[in-house]
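Working notes, structure below.
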Amino acid sequence: MGHKLGIIGYGTMGSWHAANVRDRISDLDVALVYDINEEKIKKAQAEGFTTCGSAQEIYESDVDIVLIATPNDFHKDYSIAALNAGKNVVCEKPACMTVVELEEVIAASKRNGKIYTVHQNRRWDIDYDIARNILKQNLVGKPHQIYSRLYSNRNIPGDWRTIKSSGGGFLYDWGVHMIDQVLWMVDSKPVSVYAQLHHIYQTEVDDAIRVNINFENGVCAHIVADSWTFVNESRWHISGNDGTARIDNWFGRTGKIIKANVKKVDWTQGCVYTHNGLSRSMWPRPESEVEEIPLPISEKEPRWEEFYENLMATIEGKATQIVTHDEVRASLRVIEAAFESAEKCAVVKL
């Protein structure tokens, strides 16, 4: 059974979907493309796709899946219109600007008996797959600190992403990915959020974020996305009661895991001497008391194609959604709490 995809919005992500669906997804045809910008319509035509003059033409066509890849403030209205037209919907992240908006979309999905899901493609990143394996395989023991960090030094593209009313800023852009990742990997309920949202070169929107999420089981996830940093830290740093893991970058191939062979500390071993004092607590463990183990790289790399394969199987009644309404709702609640926390300079309970 073949499926047809209609795309609303042919910007960076809309054109990415079109090319990758055509090249990598079998049984799914990019049937129609619409954008309000005539130049983007011409670009889609030049790249071999059939275009139309309105979103309504997609709603009235025989496509069964509609991708919403517009600026964030249009997500809710386009999603509801497509669902009301009897189409299944894939929306680019973030799903909506608020949880209240999201609930309207979910209600439309249920009312029309159609699938609504969000394109959380970073669940298939290699570095994330490794980080998740570290927890699943208990390689550092019981975790207590998870650092997820991304840095660039180009600031934010000067389009709608710099406009607050359009849903611009790094929290909506990258924070939503990183929050989804940690919520999906930590097997516990998030209970509170503390966030700092910085304005380095942007006045309307945040261009550097620091979001701390505390979970019921004692894990604290620290999310950092900074658009103006020239010396990076590791992509992931995970500490547990048995050891520590580091993943250097989002290609995921370099890093290490150090575990403690001997947990009882011998305080008579020595001291580290600094210029103005000494410390027994900062004396490093002898090499005989620790071991290095390799990163748990999956034999088969994670496949982004699974997102659309799962969607089509769900439509056909053969699977359940891999990105669920509850997961999308939870991520958006954390985002709302982060905005509130940064405004009040306070911890916000969920």
Side-chain angles (χ1 to χ4, degrees), residues 122-152 177-192 194 209-226 229-302:
R122 296 298 173 182
R123 292 188 183 186
W124 288 269
D125 282 354
I126 293 173
D127 62 282
Y128 176 60
D129 184 61
I130 295 170
R132 201 160 177 247
N133 285 341
I134 288 169
L135 295 194
K136 286 194 296 184
Q137 297 175 27
N138 197 35
L139 296 183
V140 295
K142 181 181 178 182
H144 53 91
Q145 301 285 339
I146 299 173
Y147 288 84
S148 171
R149 300 177 289 215
L150 282 171
Y151 300 97
S152 73
H177 280 308
M178 301 165 81
I179 290 166
D180 176 73
Q181 286 180 332
V182 297
L183 293 185
W184 211 47
M185 72 189 288
V186 177
D187 187 21
S188 184
K189 179 182 177 182
V191 293
S192 67
Y194 178 74
I209 67 170
R210 283 156 177 80
V211 181
N212 294 342
I213 306 171
N214 289 297
F215 291 85
E216 204 167 47
N217 65 355
V219 172
C220 183
H222 308 266
I223 292 170
V224 179
D226 194 324
T229 291
F230 292 81
V231 179
N232 293 354
E233 297 175 284
S234 60
R235 172 69 182 90
W236 295 91
H237 193 276
I238 303 172
S239 293
N241 64 350
D242 282 343
T244 303
R246 188 192 76 218
I247 304 169
D248 291 335
N249 53 54
W250 61 6
F251 299 104
R253 296 303 184 188
T254 61
K256 63 173 64 175
I257 300 174
I258 302 294
K259 296 188 70 172
N261 286 328
V262 179
K263 293 186 180 181
K264 185 177 181 180
V265 176
D266 180 359
W267 292 104
T268 66
Q269 287 175 337
C271 295
V272 59
Y273 291 86
T274 68
H275 187 66
N276 293 304
L278 55 85
S279 173
R280 286 189 295 171
S281 60
M282 292 302 163
W283 178 258
R285 282 293 190 93
E287 290 186 5
S288 60
E289 294 187 4
V290 297
E291 65 172 327
E292 181 173 343
I293 62 175
L295 294 174
I297 300 173
S298 299
E299 289 187 12
K300 293 183 179 180
E301 288 189 358

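Applying the side chain to side chain donor-acceptor pair (under 3.5 Å) test to pairs two or more places apart or on separate chains, those with a residue in residues 130-141 are Asn133-Ser298. Every pair tested for salt bridge (Lys or Arg N to Asp or Glu O under 4.0 Å) that includes a residue from residues 213-222 fails, sequence neighbours excluded, so the list is empty. Identified under the salt bridge (Lys or Arg N to Asp or Glu O under 4.0 Å) test for residues 272-283, with sequence neighbours left out: none. Residue pairs meeting the salt bridge (Lys or Arg N to Asp or Glu O under 4.0 Å) criterion with at least one partner in residues 281-298, sequence neighbours excluded, are Arg285-Glu289.
Every residue two or more places apart in sequence or in another chain that forms a side-chain hydrogen bond (donor to acceptor under 3.5 Å, both in side chains) with Trp124 is listed here: Glu306. For the ring pair (Phe, Tyr, Trp, His ring centres under 6.0 Å) test, no residue two or more places apart in sequence or in another chain qualifies with Tyr273. Under the side-chain hydrogen bond (donor to acceptor under 3.5 Å, both in side chains) criterion, Asp125 pairs with Arg122, not counting sequence neighbours. In this structure Ser281 satisfies the side-chain contact (heavy atoms from CB on, under 4.5 Å) test together with Trp267, Ser279, sequence neighbours excluded. The side-chain hydrogen bond (donor to acceptor under 3.5 Å, both in side chains) search around Ser152 returns none, not counting sequence neighbours. Residues passing the side-chain hydrogen bond (donor to acceptor under 3.5 Å, both in side chains) test with Gln145, sequence neighbours excluded: His222. The side-chain contact (heavy atoms from CB on, under 4.5 Å) test applied to Phe251 returns Asn249, not counting sequence neighbours.
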Under 3.5 Å, side-chain donor or acceptor atoms of residues 236-244 against the rest of the protein: list the pairs with distances, not counting sequence neighbours.
| unit_1 | atom_1 | unit_2 | atom_2 | d |
| --- | --- | --- | --- | --- |
| Trp236 | NE1 | Asp127 | OD2 | 2.7 |
| Asn241 | OD1 | Lys142 | N | 2.7 |
| Asp242 | OD1 | Lys263 | NZ | 2.3 |

- Determine, step by step, whether Asp129 and Ile297 satisfy the side chain to side chain contact (heavy atoms under 4.5 Å, CB included) criterion, reporting the C-alpha distance in whole Å, the side-chain angles of both residues, the deciding distance to 0.1 Å, and the verdict. CA-CA 8 Å; Asp129 184 61; Ile297 300 173; over 6 Å; no

- Task: Please lay out, stage by stage, how Arg123 and Asp180 fare under the test salt bridge (Lys or Arg N to Asp or Glu O under 4.0 Å).
- Result: CA-CA 8 Å; Arg123 292 188 183 186; Asp180 176 73; 2.8 Å; yes

- Test Val290 against Lys259 for side chain to side chain contact (heavy atoms under 4.5 Å, CB included), laying out the working first. CA-CA 6 Å; Val290 297; Lys259 296 188 70 172; over 6 Å; no

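When only modelled atom types and interatomic distance are considered, Asn214 and Ser192 share a side-chain donor-acceptor pair under 3.5 Å.
Listed for the Arg149 side chain is a donor-acceptor partner under 3.5 Å among the backbone atoms of Ser234.
Of all heavy-atom pairs between Phe215 and Ala221, the closest is CE1-CB, 3.9 Å. Between Ser188 and Asn217, the shortest heavy-atom contact is OG-N, 3.0 Å.
Contact annotation: the side chain of Cys220 never approaches that of His144 to less than 4.5 Å [non-hydrogen atoms, C-beta and beyond]. Val224 is not listed as a side-chain neighbour of Ile209, based on a closest heavy-atom distance of 4.5 Å or more. A 4.5 Å side-chain heavy-atom check between Ile179 and Ile223 finds at least one atom pair inside the cut-off. Proximity of Trp250 to Tyr128: side-chain heavy atoms (C-beta onward) are nowhere separated by under 4.5 Å. When side chains are defined from C-beta on, Glu233 does not count as touching Tyr147, because their heavy atoms never get closer than 4.5 Å. Put simply, the side chain of Ile134 reaches to within 4.5 Å of the side chain of Ile247, judged on heavy atoms.
Between Leu295 and the choices Thr254, Asp248, Ile257, the side-chain contact (heavy atoms from CB on, under 4.5 Å) rule is met once, by Ile257.
Between Arg210 and Asp226 there is a salt bridge, since a side-chain N of the basic residue sits under 4.0 Å from a carboxylate O of the acidic one.
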